[in-house]
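One structure below.
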Amino acid sequence: MNGVTAGRSSHPPPEAGAPNGAPLLALRDITKRFPGVLANDRVTLEVRAGEVHALLGENGAGKTTLVNVLYGLYQPDAGEIVVDGRRVRIRSPRDAIACGIGMVPQHFLLVRRHTVAENIALGLPQEGLLRPARRVERRIVEFATRYGLTADPGARIWELSPSEHQRVEILKALIRGARILVLDEPTSVLAPQEVSGLFDVLRRMKGDGHAVIFITHKLDEVGAIADRVTVLRRGRVVATVPAADVDRRALVQMMVGRDVESTLPRARAAAAGEALAAEALEADNDRGAPALRGLTLAVRRGEIVGLAGIAGNGQRELVEVLTGLRRAVRGRVRVLGRDVTNRTAAAICDAGVAHIPEDRVHMGVVATMTVAENLVLRRYRHPPFARGPLLDYDAIMRFAREMIAAYEIATPAATTPVRLLSGGNIQRLILARELAARPGVIIAAHPTSGLDVSATEHIHRLLLRRREEGAGVLLVSEDLDEVLALADRVAVIFRGRIADVLPVGDATPERIGLLMTGQAA
Ligand SMILES: Nc1ncnc2c1ncn2[C@@H]1O[C@H](COP(=O)(O)OP(=O)(O)O)[C@@H](O)[C@H]1O
Ligand SMILES: [Mg+2]
């Protein structure tokens, strides 16, 4: 037997789309507990050959945990997995692959120095790594043609864009014999026009009798690609329904457990005067390679500028330079008319800049300190929290209780250590602390990533309110829907420069998508 087809030949070809046939895959009563969290609570899910089955849920609903159990990365505490009518034990990804299960994880695991063909050969038994056999390359071309997945077998992984990288992961799974392919939030790394390309590939796969489990928290994607959808909430299945039978509103209700307003109330921006300016900024990344290459961008008072772009185009370095965490090699930074280029983070904060950091647990809070202490972290040496050298605990506690109420921070007490709070509540705490000082400039990096719909809605309202009060907001987000919902203008970053800045009314996903991938003039 040719090693390339391992895992495939032992199974009869599935009957494509057989509506009444037995499911290709069944998860029954899967329970998975982490310390303090019931991540999956008796989850039952059946997936048919020839269907795209969406797994929809808010962040933290238990989607990734469930597919990690399926792929053998976690062992369930209870429950069983049935493939093709046979109960299987999946102790590792190797077992999963042998059962015909493939996974495209959210964070790619390919070896960066190797070529596409070498990476794919690595996952196959009996294939040498150093000189991947011609037949691997032939196999790649054959599969790539069949599924519309263009890939150059000789390209090195580090040369690939996120979308090309994803295609290689899909090819790798298919060539290893996957009949059930799991994609965990695959569109989060794609530009809008790349999403339809991915959907074309998935349609070909299902036409071929494959089953696709498509994880998302985006409602529109369910209607665009899924045949059926299973909604998870807090680790439990809410329902499995045909995608054609549910509208957006019904899905939101299932996902969140209540109605959520889809459009935010917003007054017209009355932008005036410069709040923040970056001029011809150049800076290096952690490896010493240029990350910002002459970036120029301005944010006015009373407006939100959304910075859209695919991760890794200089967003992180820009935020760090603007907040005093990274040196600019060239160029200037101005805050409210004052030059703050290469000043310290504390000086930039004092100049009126609030920073909502990307890595909130490591940079936003001191996890071992209490909620109250974290709320005054930036200002405890100043009145009203300090009188001379002494801290005024009553004032600190009063302020903390006010903030907990105003920002709806769910915590047992002001004296609870922050490490016991959920991600959404840590983020509310950071916003409370950063926004209470009424900053003139807010730099928010991925402020809602990993948060559920309610926390996201709350944070959006807070940012809009500060904008109405005259703050200039730079919103860095990989979520284009978020950018389009909040921003007055959309700046697109590509390879360390601003490709263009569009008023939000002109910023269609297609236009932004082209700019994000460097295709528009
Ligand atoms: N390795 C882990 N250790 C502890 N808790 C975890 C781990 N992985 C996930 N969780 C928790 O399990 C719950 C479900 O998480 P996850 O499956 O990642 O959700 P989703 O993919 O739907 O966003 C969350 O509360 C999360 O914090
Ligand atoms: Mg997940």
Side-chain angles (χ1 to χ4, degrees), residues 27 29-45 47 53-79 81 90-93 96 103-109 162 166 169 181-190 212-219 221-222 226 229-240 251-252 254-257 311 359-362 364-365 367 410-411 417-428 446-457 459 478-479 481-482:
L27 298 168
D29 288 319
I30 298 286
T31 294
K32 177 68 188 172
R33 220 177 281 282
F34 293 114
V37 186
L38 189 51
N40 289 156
D41 185 3
R42 288 162 291 154
V43 173
T44 290
L45 177 73
V47 183
H53 196 117
L55 193 54
L56 177 74
E58 292 196 78
N59 270 296
K63 307 179 296 293
T64 297
T65 301
L66 186 68
V67 297
N68 281 346
V69 165
L70 175 63
Y71 199 57
L73 292 166
Y74 295 147
Q75 292 308 302
D77 298 312
I81 300 174
I90 300 178
R91 293 182 187 80
S92 66
M103 176 138 96
V104 178
Q106 194 165 351
H107 302 286
F108 302 131
L109 302 169
Q166 183 176 69
E169 289 277 8
L181 188 72
V182 181
L183 299 114
D184 195 350
E185 308 232 5
T187 61
S188 64
V189 297
L190 300 181
V212 176
I213 300 177
F214 178 90
I215 298 184
T216 186
H217 63 264
K218 296 184 186 160
L219 303 166
E221 293 178 351
V222 172
V229 52
T230 293
V231 183
L232 276 187
R233 186 166 81 230
R234 296 190 186 170
R236 291 201 185 154
V237 172
V238 178
T240 297
L251 284 175
V252 171
M254 286 195 257
M255 204 164 115
V256 189
D359 179 357
R360 43 188 96 105
V361 174
H362 294 105
V365 289
T411 176
V418 159
R419 69 184 156 80
L420 299 179
L421 266 52
S422 73
N425 284 298
I426 291 179
Q427 189 68 322
R428 287 174 201 225
H446 314 285
T448 60
S449 86
L451 302 188
D452 64 25
V453 173
S454 327
T456 297
E457 191 189 358
I459 284 160
E478 275 156 35
D479 182 348
D481 296 335
E482 172 169 83

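Order of listing sets the numbers, starting from 1, for every ligand and every atom in it.
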closest protein heavy atom to atom 6 (C) of ligand 1 is Phe34 CD1, 3.2 Å

For atom 19 (O) of ligand 1, the protein heavy atom that lies nearest, with its residue and separation: Gly62 N, 3.2 Å

With the side chain counted from C-beta on, respond yes when Leu45 and Val237 share a heavy-atom pair under 4.5 Å apart, and no when they do not. no

Report yes if some N/O of Gly60 lies less than 3.5 Å from some N/O of ligand 1; otherwise report no. yes

Within ligand 1, which atoms have a heavy atom of Tyr74 less than 4.0 Å away? 1 (N), 8 (N)

Are Leu66 and Ile30 side-chain neighbours, meaning at least one heavy-atom pair lies under 4.5 Å? yes

Can you find a side-chain donor-acceptor pair between Asn40 and Thr65 that sits under 3.5 Å? no

Should you measure from each heavy atom of Ala61, which atoms of ligand 1 turn up under 4.0 Å away? 19 (O), 20 (P), 22 (O)

Quick one: does atom 13 (C) of ligand 1 have a protein heavy atom under 4.0 Å from it? yes

Rounded distance (nearest 0.5 Å) linking atom CZ of Arg234 with atom CG of Leu38: 12.0 Å

Closer than 2.8 Å to the Mg ion (ligand 2), do we get an N, O or S atom from Thr64, backbone or side chain? yes

To which protein heavy atom is atom 18 (O) of ligand 1 closest, and what is the distance rounded to 0.1 Å? Thr64 CB, 3.8 Å

Atom 16 (P) of ligand 1 - nearest protein heavy atom and its distance: Thr65 OG1, 3.6 Å

Decide whether an N or O pair under 3.5 Å exists between Val37 and ligand 1. no

Any side-chain heavy-atom pair from Val43 and Thr230 closer than 4.5 angstrom? no

Under 4.0 Å from atom 27 (O) of ligand 1, is there at least one protein heavy atom? no

So does Pro447 get a backbone contact from the side chain of Gln427, meaning a donor-acceptor N/O pair under 3.5 Å? yes

Between ligand 1 and Glu58, can you find any atom pair, the residue atom being a heavy atom, that is separated by under 4.0 Å? yes

Hey, which of Leu27, Val182, Leu73 is the one that makes side-chain contact (heavy atoms from CB on, under 4.5 Å) with Val67? Val182

Side chains of Pro76 and Thr31 in contact at under 4.5 Å (non-hydrogen atoms): no

